[in-house]
2 protein chains.
Amino acid sequence: MIGATDDAGDGSAAVPRTSGDTRAEIQEAALDLFGRQGYEKTSLREIAERLDITKAALYYHFRSKEDLLRALAEPLRRDMEEFLAGLDASARNAPDEVLGSYFDICVRHAALLLALLRDLSSLTRVGLVEDVMGWRRRLDAVLVGEDADMPARMGAIIALGGLQDLAVFLAPEQARAHRGRAVAVALAALLEGAGPRTPGMD
Amino acid sequence: MIGATDDAGDGSAAVPRTSGDTRAEIQEAALDLFGRQGYEKTSLREIAERLDITKAALYYHFRSKEDLLRALAEPLRRDMEEFLAGLDASARNAPDEVLGSYFDICVRHAALLLALLRDLSSLTRVGLVEDVMGWRRRLDAVLVGEDADMPARMGAIIALGGLQDLAVFLAPEQARAHRGRAVAVALAALLEGAGPRTPGMD
DNA sequence: GTCTATATTTGGATAGAC
DNA sequence: GTCTATCCAAATATAGAC
């Protein structure tokens, strides 16, 4: 599902490497290294060495380093856009369900989000950071309204930001095991921001 | 207070540049650029050009790029360690006061934290990220206890992480204006994590 | 304390053989 | 589809003059 690969053959003649799909292997190695060291600090040489191929071989599959990153980000992009489109379609969105779905997506793409986190500045120029910011704004609007005041927005920022952080830092099993409470915690923050449960503090 | 500078002279003979303390100017320019573009993507040439000096001149004041970064991080380090030492000393620490003080420190050092955020991976090797993680663990312990279970810890993670994010993303005046509610939101998350206010969700 | 070189390394990227 | 060889640009860092 990740790349439109061209073959089904793992029984080819004398394939130099493991299975058959070098392109997918490159993406896998790159995502791991980007997440560990950041995009900028990871060189193509390093990725190539990990797979025991040459730099030049990478350039057959991806036209540039940026191109590789863009391909990596595609699944998240698709996922999130689809989710947001669904929200726009339905009239009423229960906050806890919105938060829950957002958490799920973050968990599913935790590796990429970690890479994003490791090297935020580099990723700005491929438009990734802008995308994420845009999604967050749209979610804010769904949760607290288009023109919420600052305190209300703060609740949304902490709720969504907290969920995203958790998804990245928790191991996948932990994230799954504690999904319920994660959402509950985020919801508490959201409500405290929106409704003056603790008035007279601004 | 930032660097142990050596002079008091702004009236020296024919000082090439603005005031007198080039070292401080370098730090200021570097922090701004690191925060804007990240550590890795900011070259020493760029910093030098901004101040209209040469790269080589930088090497007189700082032995390396890493050294410059370390110097930049010193004030935060001192501030946070002092705060944590104070917490260890006092017997009881009210959660909202702990959260508030943490927020204040984050706001005060927002520029550095932003740089940290922009290029997390590069900053790992100077030990900065490890430090931040260590501080967070110690704060977790203060807030929810040394051996809290995962749900409780999640409350602390979201509360502290959210405050840190807010401090970085908000303009200083906004941060000051909404400090009260920021702490209240974080506190709500903390409590929801610790006490099962919404039971049966794990 | 700052300058003009310059050394050294490493990165991304291309051409052309196999 | 992968390799060898190579180019080019840019960055960190150093040496030595002023």
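Just so it is clear: chains get the letters A, B, ... in the order the sequence lines come, proteins before strands, and each one is counted from 1.
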Colleague: On a plain distance test, is the side chain of K55(A) in donor-acceptor contact with the base of dG12(C) below 3.5 Å?
Modeller: yes
Colleague: So, applying side-chain contact (heavy atoms from CB on, under 4.5 Å) with R50(A), which one of L33(A), I26(A), T42(A) is it?
Modeller: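 Single pass found, and it is L33(A).
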Colleague: According to a strict under-4.0 Å criterion, is Y59(A) in side-chain N/O contact with OP1 or OP2 of dA13(C)?
Modeller: yes
Colleague: Is there a side-chain polar atom (N or O) of Y60(B) under 4.0 Å from OP1 or OP2 of dG1(C)?
Modeller: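 For dG1(C), OP1 or OP2 has a side-chain N or O of Y60(B) closer than 4.0 Å.
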Colleague: Does T54(B) place a side-chain N or O at less than 4.0 Å from the phosphate oxygens OP1/OP2 of dC3(C)?
Modeller: yes
Colleague: Nearest to the side chain of L44(B), heavy atoms from C-beta on, is which of dT2(C), dA13(D), dT14(C)?
Modeller: dA13(D)
Colleague: Could you check how far CD1 of I26(A) sits from P of dT2(D), rounded to whole Å?
Modeller: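 Whole-Å distance recorded here is 7 Å.
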Colleague: Could you state the NZ-C1' distance from K65(A) to dA13(C), rounded to the nearest angstrom?
Modeller: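 K65(A) atom NZ is separated from dA13(C) atom C1' by 13 Å.
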Colleague: Please determine if a side-chain N or O atom of R45(B) lies less than 4.0 Å away from the OP1 or OP2 oxygen of dA10(D).
Modeller: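 Checking dA10(D) against R45(B), no side-chain N or O comes under 4.0 Å of OP1 or OP2.
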Colleague: I need the CG-P distance between L58(A) and dC3(D), as an integer number of Å.
Modeller: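 Roughly 9 Å, once rounded to whole Å.
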Colleague: By nearest heavy atom, map E46(A) and H61(B) onto DNA chain C; which one lands nearer the 5' end?
Modeller: H61(B)
Colleague: If you look at every heavy atom in A71(B) and Q27(B), which pair is closest and at what distance?
Modeller: CB-NE2, 3.6 Å
Colleague: Can a side-chain donor-acceptor contact be found between S122(B) and D119(B) if the only test is distance below 3.5 angstrom?
Modeller: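 Present: a donor and an acceptor within the cut-off.
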Colleague: May I ask you to evaluate whether T22(A) reaches the phosphate of dG1(D), defined as a side-chain N or O under 4.0 Å from OP1 or OP2?
Modeller: no
Colleague: Could you tell me which non-hydrogen atom of A159(B) sits nearest to which non-hydrogen atom of A186(B), and how far apart they are?
Modeller: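 Here A159(B) and A186(B) meet closest at CB-O, 3.3 Å.
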Colleague: Starting at CG of L33(A) and ending at P of dG11(C), how long is that distance when rounded to a whole Å?
Modeller: 13 Å
Colleague: Write down the distance between CG (D67(B)) and P (dT12(D)), rounded to a whole number of angstrom.
Modeller: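 The answer, rounded to whole Å, is 14 Å.
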Colleague: Once you round it to whole Å, what is the distance between C1' of dA11(D) and CD1 of I47(B)?
Modeller: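 Distance check: I47(B) CD1 to dA11(D) C1' gives 12 Å.
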Colleague: Is R108(A) paired with D79(A) through a side-chain N to carboxylate O contact shorter than 4.0 Å?
Modeller: yes
Colleague: Rounded off to whole Å, could you give me the CZ-to-P distance for the F62(A) and dG12(C) pair?
Modeller: 15 Å
Colleague: Using the side-chain heavy atoms of A56(B), tell me which of these nucleotides is nearest: dG1(D), dT12(D), dA15(D).
Modeller: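 Per side-chain heavy atoms of A56(B), the pick is dA15(D).
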Colleague: Whole angstrom is fine here: how far is it from CZ in R23(A) over to P in dT2(D)?
Modeller: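 After rounding, the reported distance stands at 12 Å.
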